[in-house]
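Input: a single structure, listed below in structure tokens.
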Amino acid sequence: PAAEALLRLGAGLLAPEAGIVRLGGLPLGPTTLEHPFRARGALGWVPTEGGLLVNLGLCANLALPLRFLRGLGRGEAEARAKEALVSAGLGALAGHRPHALAPLERWLGALLRAALLGPELWMVAAPPQPLEGELRLRARACLASSLAQPAVAALVVDGEGWVPEGPWRKLRIRDGCMEDAEA
């Protein structure tokens, strides 16, 4: 719960109980319209529930931000979305709407949608259930390719070790306080 709240604060979707949360000098919250990453499509927001648009199929959910935030034409955006879905083993689900997907499929769809945008800041909530086997490897590969890019930062809730290894600092929240995971 505390980690999820931290992600929602950083994404500007939750107001703090007290004080002000700032990112890049700008105050964040659900009533502020400025976010240094969200407005330009540089925020990779992946909530546990997936956050996909209910009236669109999975492929259209992935293609929509490419069209409106990256200026791609419909055909090119859909081709990139289909390619990402196939590489993640979700190609057969491209036309399915979120309610017809399993919770892990919705979450992975949101992870793919964010990766296609090439975010500079990732905010990834824990998957709705443990990642196993091939799905774990696909999620790890999806995040690894993006985190390898320069100027990328990430807050990822990971209770099961699916996040790729790297030179980043790992923190944990214990009793409401953030501390080094290695301590």
Modelled atom types, side-chain donor and acceptor of Thr48 and Trp107, under 3.5 Å: no
Straight-line distance of [X] [atom1] to [Y] [atom2], nearest 0.5 Å:
X	Y	atom1	atom2	result
Leu85	Glu78	CG	CD	11.0 Å
Leu28	Leu9	CG	CG	8.5 Å
Leu62	Leu117	CG	CG	9.0 Å
Leu112	Asn61	CG	CG	11.5 Å
Leu137	Leu131	CG	CG	10.0 Å

Contact summary for [X] and [Y], nearest pair of heavy atoms:
X	Y	answer
Ala110	Gly50	CB-O, 3.0 Å
Ser146	Trp122	OG-NE1, 2.8 Å
Gly10	Leu23	O-CD2, 4.0 Å
Ala15	Pro30	N-CD, 3.5 Å
Thr32	Pro27	OG1-O, 3.5 Å
Leu69	Gly41	CD1-CA, 3.8 Å

pair Leu104-Pro127: side-chain heavy atoms closer than 4.5 Å: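 Yes, close enough: below the 4.5 Å cut-off.
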Heavy-atom check, side chain of Glu4 versus side chain of Leu6, under 4.5 Å: no
Within residues 33-44 or reaching into it, pairs that qualify as side chain to side chain donor-acceptor pair (under 3.5 Å) - sequence neighbours excluded: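 Sorted pair list: Arg40-Glu120.
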Contact list for residues 80-104, test side chain to side chain donor-acceptor pair (under 3.5 Å), sequence neighbours left out: Glu76-Arg80
[X]-[Y] co-clustered via ILVMFWY side chain contacts under 4.5 Å:
X	Y	value
Leu14	Phe37	yes
Val21	Trp45	yes
Leu90	Leu64	no
Phe68	Leu53	yes
Val157	Leu13	yes

Criterion side chain to side chain contact (heavy atoms under 4.5 Å, CB included) on Leu155 and Val124, from CA distance to verdict: CA-CA 6 Å; Leu155 284 176; Val124 183; over 6 Å; no
With sequence neighbours excluded, residues passing side chain to side chain donor-acceptor pair (under 3.5 Å) with Glu49: Arg8
Test side chain to side chain contact (heavy atoms under 4.5 Å, CB included) applied to Arg113 and Leu52, step by step: CA-CA 9 Å; Arg113 179 184 58 196; Leu52 302 173; 3.4 Å; yes
Trace of the side chain to side chain contact (heavy atoms under 4.5 Å, CB included) decision for Val46 with Met123: CA-CA 6 Å; Val46 183; Met123 298 279 183; over 6 Å; no
Arg70, CZ: over 12 other non-hydrogen atoms inside 6.0 angstrom: yes
